[in-house]
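What follows is a set of notes on a single structure, which appears directly below.
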Amino acid sequence: MQQTQSDDEVLPFPKSRRFLEAAMRSTHHKPMIHGLLEVDVTDARTLLRDYQARTAEPLSFTAFIIACVARAVDENKAVHALRWGRSRVILFADVDVLTWIEREVGGQQIILPYILRSANHRTVYQLHREIRTAQGQDLSKAVDGGAKALQLLPAWLYRAYFWLATWIGRRSPRQWKKNWGTVTVSAVGMFGKGAGWGVPPSTPSLCWVTLGGIGEKKVDANGQPRVRQYLSLTVSFDHNMIDGAPAARFTERLKELIETGHGLRDAASSPPDRMLAGREEALVVTR
């Protein structure tokens with residue numbers, strides 16, 4: 001029996017998806033190592049609810065995680081080092097976090113790269129406000145390299161763009177930092193309920209943190225059963241640059257910061273929108 005095709009719907013393949021496809025292809029050769037963690041976020045989520053109760057404004061969970069990632073990277077700079085030529089690496093003083101923001105444009109949902117500059121010198125509230133501002137930003141005013149390329153270039157040039165960007169990045173890591181940041185944070189758990197990990201196929205950054213789902217577990221606390229909430233978190237590294245020991249130190253510190261609610265107790269007293277200026281100094285290390 002022949003099936004009718006009268007109800008089929010043909011849609012254009014989004015330009016943003018073609019951009020992401022080219023980005024992933026440009027880094028598919030990297031030898032990645034992944035760590036899948038369960039991080040107790042019970043106390044952090046309680047602090048977020050307390051903040052909303054005091055201020056009537058919800059505080060972004062993603063902004064909180066970005067603040068924790070930036071602090072952990074600041075204390076373990078090797079995880080965002082970039083190769084500079086043949087014999088040097090550069091350890092940046094500022095942690096520029098690349099994240100992905102989904103927005104509706106012309107009736108379609110598109111994902112746009114956005115960089116939070118000097119995140120290691122920023123409060124959770126400041127990061128939260130910038131994310132909210134970026135979600136409503138006019139796309140024509142995007143200033144970061146990736147966002148501009150997505151908007152200005154025809155899709156058939158994306159692969160050439162990433163080849164050129166990678167070539168320039170090896171010779172000018174500060175330019176790569178300007179266009180793509182130094183670490184990446186993406187959240188996939190917000191689109192579902194329950195525990196579950198997301199594993200990126202490849203990454204333009206040396207370090208990529210992926211937020212999965214949040215599930216509940218019963219644990220023993222001083223002989224009493226307690227229900228705790230655990231975030232499924234994936235930490236991915238480029239094994240060309242990062243070995244197990246520095247990756248483990250970074251991961252352990254990140255877990256500690258999240259579980260202790262880093263920055264949330266001070267969030268209510270943060271200045272409204274006073275963004276700290278980024279510093280440009282960096283430490284160059286010879287290998």
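For the numbers below, each heavy atom of this structure counts, side chains included, while hydrogens, waters and symmetry mates do not.
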Set of side-chain contact (heavy atoms from CB on, under 4.5 Å) partners for [X], sequence neighbours left out:
X	result
A247	F237, I242
L48	L59, F61, L264
Q135	I101, I131, R132

Would you mind reporting whether [Y] and [X] have side-chain heavy atoms less than 4.5 Å apart?
X	Y	result
I214	Y230	no
R174	I90	yes
E57	Q52	no
P246	N76	no
H262	R71	yes
E38	L231	no

Any sub-3.5 Å donor-acceptor pair from [X]'s side-chain atoms to [Y]'s backbone N or O?
X	Y	value
D74	A70	no
T123	Q126	yes
H80	C207	no
D96	T182	no
D243	A245	no
S60	H128	no
N120	V69	no
W197	L37	yes

If you compare all heavy atoms of [X] against all heavy atoms of [Y], which two are closest, and at what distance to 0.1 Å?
X	Y	value
A119	L127	CB-CD2, 4.1 Å
A44	G261	CB-CA, 4.4 Å
D40	Q229	OD1-O, 3.3 Å
R83	V89	CA-CG1, 4.2 Å
L91	A81	CD2-CB, 3.2 Å

Query raised in the report: Without hydrogens or angle criteria, can the side chains of S186 and W208 be said to hold a donor-acceptor pair below 3.5 Å?
Result: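 Yes - a donor-acceptor pair under 3.5 Å links their side chains.
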**Report entry** Check: H34/T234 side-chain N/O donor and acceptor closer than 3.5 Å
**Finding:**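 On atom types as modelled, these side chains do not qualify, holding no pair under 3.5 Å.
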Determine whether [X] and [Y] fall in the same hydrophobic cluster, where Ile, Leu, Val, Met, Phe, Trp and Tyr are linked whenever their side-chain heavy atoms lie under 4.5 Å apart.
X	Y	value
L233	V219	no
W84	V95	yes
Y51	V124	yes
L257	V97	no

Distance in Å, [X] [atom1] paired with [Y] [atom2], rounded so as to fall on 0.5 Å steps:
X	Y	atom1	atom2	value
I65	I258	CD1	CD1	4.0 Å
Y125	T55	OH	OG1	8.0 Å
I115	L98	CD1	CG	5.5 Å

**Report entry** salt bridge (charged side-chain N to carboxylate O under 4.0 Å, His left out) involving D43 - partner list, sequence neighbours excluded
**Finding:**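 Residues passing salt bridge (charged side-chain N to carboxylate O under 4.0 Å, His left out) with D43: R228.
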Requested in this report: Please list, chain by chain and in numerical order, all residues satisfying side chain to side chain donor-acceptor pair (under 3.5 Å) with T251, sequence neighbours excluded.
Outcome: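 Here no residue qualifies.
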**Report entry** Listed once per pair and sorted, the salt bridge (Lys or Arg N to Asp or Glu O under 4.0 Å) pairs that draw on residues 248-258, sequence neighbours left out
**Finding:**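 Sorted pair list: E75-R253, R253-E256, K255-E259.
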Report task. Identify whether the distance between the nearest side-chain nitrogen and carboxylate oxygen of R117 and E130 falls below 4.0 Å. Result ->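 Answer for the salt bridge query: no.
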Query raised in the report: So, is the end of the K77 side chain (NZ or CZ) under 6.0 Å from the ring centre of F92 and within 45° of the ring's axis?
Result: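 Pair K77/F92 does not count as cation-pi.
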